[in-house]
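Lettering of chains follows the sequences in order, A, B, ..., and the numbering in each one begins at 1.
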4 protein chains.
Amino acid sequence: MARVTTSPTFKRLPRAVREQQMLDAAVRVFSRRGFHAASMDEIAEDAGISKPMVYAYLGTKEELFIACLHREGTRLMEAIVAGVGTDLPPDEQLWRGLRAFFGFVGAHRDGWAVLYRQARAQQPFAGALATMRERMVEVIGTMLAQALAAEGREIRDMDLEVMAYALVGASESLADWLADRPDADPDKTATRMMNFAWVGAGQLLHGETWPPAPLSP
Amino acid sequence: MARVTTSPTFKRLPRAVREQQMLDAAVRVFSRRGFHAASMDEIAEDAGISKPMVYAYLGTKEELFIACLHREGTRLMEAIVAGVGTDLPPDEQLWRGLRAFFGFVGAHRDGWAVLYRQARAQQPFAGALATMRERMVEVIGTMLAQALAAEGREIRDMDLEVMAYALVGASESLADWLADRPDADPDKTATRMMNFAWVGAGQLLHGETWPPAPLSP
Amino acid sequence: MARVTTSPTFKRLPRAVREQQMLDAAVRVFSRRGFHAASMDEIAEDAGISKPMVYAYLGTKEELFIACLHREGTRLMEAIVAGVGTDLPPDEQLWRGLRAFFGFVGAHRDGWAVLYRQARAQQPFAGALATMRERMVEVIGTMLAQALAAEGREIRDMDLEVMAYALVGASESLADWLADRPDADPDKTATRMMNFAWVGAGQLLHGETWPPAPLSP
Amino acid sequence: MARVTTSPTFKRLPRAVREQQMLDAAVRVFSRRGFHAASMDEIAEDAGISKPMVYAYLGTKEELFIACLHREGTRLMEAIVAGVGTDLPPDEQLWRGLRAFFGFVGAHRDGWAVLYRQARAQQPFAGALATMRERMVEVIGTMLAQALAAEGREIRDMDLEVMAYALVGASESLADWLADRPDADPDKTATRMMNFAWVGAGQLLHGETWPPAPLSP
DNA sequence: TATGAATGAGCCTTCATTCAT
DNA sequence: TATGAATGAAGGCTCATTCAT
C-alpha cells in the first residue's frame with residue numbers, strides 16, 4: 001500500500017519564519033483597521049495560518065500588538081541611529097536623524113506612524129509607549145546635550161526633556177502629514193522640519209531665549 | 001410654615017440641560033476609557049440617566065463622540081481666540097495663544113487632549129478631525145502670515161502649512177506631556193513651547209534658514 | 001397687555017376625527033413597513049400627533065393594528081356587499097363580488113391586501129383574522145349555497161367550506177399579484193379570476209366532479 | 001468488561017451535521033414564533049449549540065431564514081416533481097402534483113406553509129420569495145402549457161401566469177386550512193382542490209370561458 | 001505542529017410604553 | 001386635551017480566546 005505523504009506545500013516552516021509572517025500580517029491589519037477594529041480572524045487569515053497558531057506563537061491580541069510595536073520601533077531606531085552617524089557637528093546629526101526618520105516613515109507609510117498613533121490612543125499600551133518614547137527622547141536628548149557640552153553650556157534636564165518632546169511631537173505631526181500625502185517628498189519634509197527645529201533650537205543653544213525682555217506675569 | 005416645593009431633585013429636566021449633562025459624562029468616560037472601551041452604559045450611568053435618552057438626544061456612539069469633539073474643540077478655539085487679542089505684535093500674539101492653549105489643556109486635563117488623541121486613532125473620525133485641524137492650522141497660519149506681512153516678506157503656502165503643522169504637533173505633544181503630569185505648570189510649559197517655537201520661527205521669519213550653506217544632496 | 005392667544009392651527013379636533021387621522025396614518029405605516037418594522041413613533045409622527053395620544057385613543061400597538069384591520073376589512077365588505085346586489089343569478093353575483101373585491105384592492109393598493117398579509121404572519125392576530133375570514137367565507141358560502149339551492153342540489157358543509165377557502169385563497173393570491181403590479185387592471189384581473197373560479201365552480205355545481213372514473217388509490 | 005467509549009454525546013460534530021441541526025431548530029422556532037418574535041438565542045438553544053456558531057455557519061438572522069426557506073422549498077419541489085411523474089395525461093399530472101403538495105404540507109405542518117407565510121409578510125424576503133414562486137409557477141405553468149399543447153390550443157402568457165397564481169393561491173389557502181386542522185386528511189384536501197381546480201381548468205382548456213355571452217362593460 | 005469546532009461575555013441599538021406637566 | 005421626558009427590557013451581532021483532535 002502506497003505511502004500517502006503528500007508533501008504539504010510550504011508547511012512546517014521554522015518558528016522564526018512563521019513569526020515574521022504573522023507580524024507582517026499583523027502590522028498590515030492593525031494599520032489598515034486600527035487596533036480595535038482589527039480582528040484576530042483577519043490577522044490569522046492574512047497570515048495564511050490558523051488562529052490558534054497566532055496565540056501559540058505571539059500570545060494575546062495586546063501582546064501581539066506590542067510585538068508589532070517593538071519590531072517596527074526597533075527598525076525605526078536602527079534606521080535613525082544608522083543615519084545619524086558619529087562625530088559630526090550637531091546640526092548635521094539632527095539633519096541626518098530627521099532625514100532618516102522621515103525617510104523611514106515615508107517608506108513604511110502603513111507601518112510605524114499608524115501603529116504609534118494607535119498605541120497612543122489605547123491605555124493598555126501606556127507602558128510600551130513610554131519605553132519607545134524614552135528611547136527616542138534619549139537619542140535626541142543626547143544629541144542636544146552633546147551640542148550644549150560642545151558650547152560649554154548647560155541646560156536643566158526638564159527643559160531638555162520638554163524640548164525633545166516638542167521636537168518629537170512636531171516630527172510626529174509632520175509624519176502624519178506625510179503619511180496622509182502619498183505624493184509628498186520625505187526629504188523635503190525633513191528639510192522643512194529641520195528649518196523649523198534647528199534655526200529655533202540653534203538660537204536657543206546659543207543662549208538666546210524669548211522673550212528678549214520680561215513680559216506679562 | 002411655607003411648603004418648600006423644590007422640584008424632586010434631578011427629574012424631568014429640559015432637553016438643553018440634559019444634553020450638557022450627557023456631554024459632560026461622555027467626555028469624562030471617553031477620556032477615562034478611550035473610545036472603544038467606553039460603553040454607552042457607563043456613559044448613561046455617569047450622566048445619571050437611562051441609555052435610550054442618550055440615543056434620543058445625541059444619537060449613535062460615534063455621533064456622540066463627534067459631538068464631544070465639537071463642543072470641546074469649540075471651547076478651546078474660543079479660549080485661544082479670546083486669549084490672542086488683536087493688534088498686537090506677532091510674538092505677543094503667539095505667546096498669548098500658546099498660553100491660552102496650554103492653560104485650557106491644563107484646566108481640562110481629561111478633556112480635549114484625550115479626545116483629540118482618540119479621534120486621531122479611529123478612522124471613522126477622519127472627517128471631524130480634518131475640520132478641527134484645519135481650524136487650528138488656519139488660526140496659526142493667519143498669525144504667521146500676518147507676522148510675515150508685517151515684515152514685508154512672503155512665504156509659499158505649503159511651507160506655511162507645514163510650519164503650522166509642526167507647531168500644532170509640537171503643541172499637541174506638549175499638551176500630552178502636560179496632561180500626563182498633574183503637577184506640571186501650564187504657564188511654564190507655554191513658555192518652553194514659545195521658546196522652542198518662536199526663536200526658531202522668529203529667525204525663519206527674518207529670512208534665515210538652515211543650512212547656512214548647501215548640504216548633502 | 002395684548003392677549004396672545006395665537007389660534008392653534010387645527011388643534012383640539014373632536015375625538016372621532018383624530019381617531020380617523022390616526023388610523024389613516026397607521027394603515028399607511030403598517031403597509032409601508034410591515035407590522036413589526038412599523039414603530040409607534042413613526043405612526044404618531046405621520047399622524048401629526050404625539051405618541052401618548054395614540055395610546056390614549058387606540059390603545060396598544062396590537063390593538064391599533066386590529067383597529068386598522070377592522071376598519072379596512074369592513075370597508076372591503078361593504079364594497080363587496082354593495083357590489084353584489086340581490087336577486088341576481090349566482091354567476092352574476094359572483095362576478096360582481098369579484099369585481100368589487102379587485103376594484104377595492106386595486107384602489108387601496110397600500111391598504112387591505114398588505115394588512116391582511118401582515119395579519120396572517122403574526123400569531124397574535126389569529127383571532128381577528130379568523131373573524132374576518134369567516135365573514136368572507138360566509139359571504140361566499142351563502143352565494144354558493146343559494147346557487148345550489150336554486151339548482152335543487154345539496155353539498156356537504158365541509159366541502160362548501162373548502163371550496164370557499166379555495167376561492168378566497170385564489171382571490172387573495174391574485175390580490176397580491178395585483179398589489180405588486182401598479183399598472184395591472186383590476187377589472188381584467190377580476191375577469192380572469194371569474195373564469196378560473198366559475199367555469200370550475202359552475203361544473204361542480206352541475207354535479208360534475210373529477211375524476212370522471214375512479215383513479216389511483 | 002469492555003470499555004464502551006461512546007464519544008461524549010453531542011460534541012465536536014462536523015460542520016455539515018451541525019448545519020442541519022441548526023436548520024432544523026430554526027425551522028421549528030421560526031414556525032412556532034414567526035420571524036420577528038423568533039430570537040437567535042432561542043434558535044441556538046433549541047439546536048443545542050451556542051449562538052456564535054449559528055452566525056459562523058449560517059450568517060445573519062435574515063440569511064438563516066432564507067436558508068430555511070431554501071431547504072424547505074427545495075424539499076417541497078422535489079416531492080412534487082417526484083410525485084408528478086412524466087408522460088401522463090395532464091389531469092393525472094396535476095392530481096399527482098396536488099397530492100404530493102398537500103401530502104408534504106400535511107407531513108410538515110410546522111414547516112413550509114408557515115415559513116412561506118412569514119416570508120410573504122416581511123419585505124426583506126421579497127427576492128427569495130420571488131425565486132420560489134417563479135419555480136412553482138413554472139412547474140404548474142409547464143403542466144398547463146403541455147396540456148394546452150396537447151389540445152392544440154394556445155393561451156396568452158399572462159393568462160397562464162394569472163391562472164398559475166390562482167392555483168397556487170388556492171392551494172396555499174387550503175394548505176393553511178390543512179395546517180390549522182391537525183385531523184384533516186391531506187389526500188381528501190387534495191381531492192377537493194383537484195375538483196375545484198380541474199373541472200374549472202378543464203373547461204377552460206376546452207375553450208369554454210365565462211361569461212357565455214358578453215356582460216357588463 | 002496545526003486546526004476546525006466551540007463559547008462566554010458584552011456592546012450597540014431599538015422600541016413599546018408610561019409619567020409628570 | 002396634549003406632550004416632552006423618561007425607561008425596562010430585549011435582541012442582533014461580534015470577538016478574543018480555548019478545547020479536542
Side-chain angles (χ1 to χ4, degrees), chain A residues 8 11-15 18 36-44 48-57 59-64, chain B residues 7-8 10-19 36-44 47-57 59-64, chain C residues 8 11-15 18 36-44 48-57 59-64, chain D residues 7-8 10-19 36-44 47-57 59-64:
Chain A
K11 289 208 168 183
R12 307 258 163 198
L13 297 180
R15 172 161 187 154
R18 273 277 144 93
H36 265 104
S39 82
M40 293 300 269
D41 278 278
E42 189 177 356
I43 291 173
I49 255 172
S50 77
K51 242 187 314 178
M53 292 274 18
V54 179
Y55 280 90
Y57 281 179
T60 115
K61 192 185 182 186
E62 282 190 11
E63 289 166 347
L64 174 57
Chain B
S7 63
F10 283 84
K11 283 220 160 187
R12 302 269 153 183
L13 299 183
R15 175 165 185 156
V17 176
R18 274 278 135 92
E19 278 186 345
H36 265 104
S39 88
M40 292 299 266
D41 279 279
E42 189 178 355
I43 292 173
I49 226 165
S50 77
K51 235 189 318 178
M53 290 283 357
V54 181
Y55 280 90
Y57 284 174
T60 292
K61 193 184 181 188
E62 280 191 13
E63 289 166 346
L64 174 57
Chain C
K11 288 209 165 184
R12 307 258 163 197
L13 297 180
R15 172 160 185 154
R18 273 277 143 93
H36 265 105
S39 82
M40 293 300 267
D41 278 278
E42 188 176 356
I43 292 173
I49 255 172
S50 76
K51 243 188 312 179
M53 292 273 20
V54 180
Y55 280 90
Y57 280 0
T60 113
K61 192 185 182 186
E62 282 190 12
E63 290 166 346
L64 174 57
Chain D
S7 64
F10 283 84
K11 283 222 163 189
R12 302 268 152 186
L13 300 183
R15 173 164 186 157
V17 176
R18 274 278 134 94
E19 276 184 347
H36 265 105
S39 87
M40 293 299 268
D41 279 280
E42 188 177 357
I43 292 173
I49 227 165
S50 76
K51 230 189 323 178
M53 291 282 358
V54 181
Y55 280 90
Y57 284 174
T60 291
K61 193 184 181 187
E62 280 191 13
E63 289 167 347
L64 174 57

For DNA chain F, the dot-bracket notation using Watson-Crick and G-U wobble pairs below 3.5 Å, [ ] for pseudoknot-type crossings and | for other-strand pairs, is .||||||||||||||||||||

Kindly give the atom pairs (protein nitrogen or oxygen, nucleotide nitrogen or oxygen) under 3.5 Å for nucleotides 16-19 of chain F.
from	atom 1	to	atom 2	distance (Å)
dA16(F)	OP1	A38(A)	O	3.1
dA16(F)	OP1	K61(A)	NZ	2.7
dA16(F)	OP2	M40(A)	N	3.0
dT17(F)	OP2	Y55(A)	OH	3.2
dT17(F)	OP2	K61(A)	N	2.9
dT17(F)	O4	K51(A)	NZ	2.6
dC19(F)	O2	R12(D)	NH1	2.7
dC19(F)	O2	R12(D)	NH2	2.9

How many whole angstroms separate atom CD1 of I43(C) from atom P of dA16(E)?
8 Å

Excluding sequence neighbours, so at least two apart, what forms side chain to side chain contact (heavy atoms under 4.5 Å, CB included) with E62(A)?
F35(A), T60(A), P124(A), F125(A)

Measure the OH-CZ distance between Y57(D) and R18(D) for me, rounded to the nearest 0.5 Å.
8.0 Å

Between NZ of K61(A) and CG of L64(A), what distance do you get to the nearest 0.5 Å?
9.5 Å

Test side chain to side chain donor-acceptor pair (under 3.5 Å) applied to K51(C) - qualifying residues, sequence neighbours left out:
D41(C)

Measuring to OP1 and OP2 of dA2(F), would you say a side-chain N or O of R18(C) lies under 4.0 angstrom away?
yes

Name the nucleic acid region contacted by R15(D), choosing base, sugar-phosphate or nothing; use a 4.0 angstrom heavy-atom cut-off, strictly under.
sugar-phosphate

Got a sec, which residues hit side chain to side chain donor-acceptor pair (under 3.5 Å) with E42(C), two or more places apart in sequence or on another chain?
R32(C), R33(C)

Comparing Y57(A) and S50(D) on DNA chain E - which has the more 5′ nearest nucleotide
Y57(A)

Atom CD of E19(B) and atom C1' of dA6(F) are separated, to the nearest Å, by 15 Å

Kindly give the heavy-atom pair with the smallest separation between A44(A) and S50(A), and that separation in Å.
CB-C, 4.1 Å

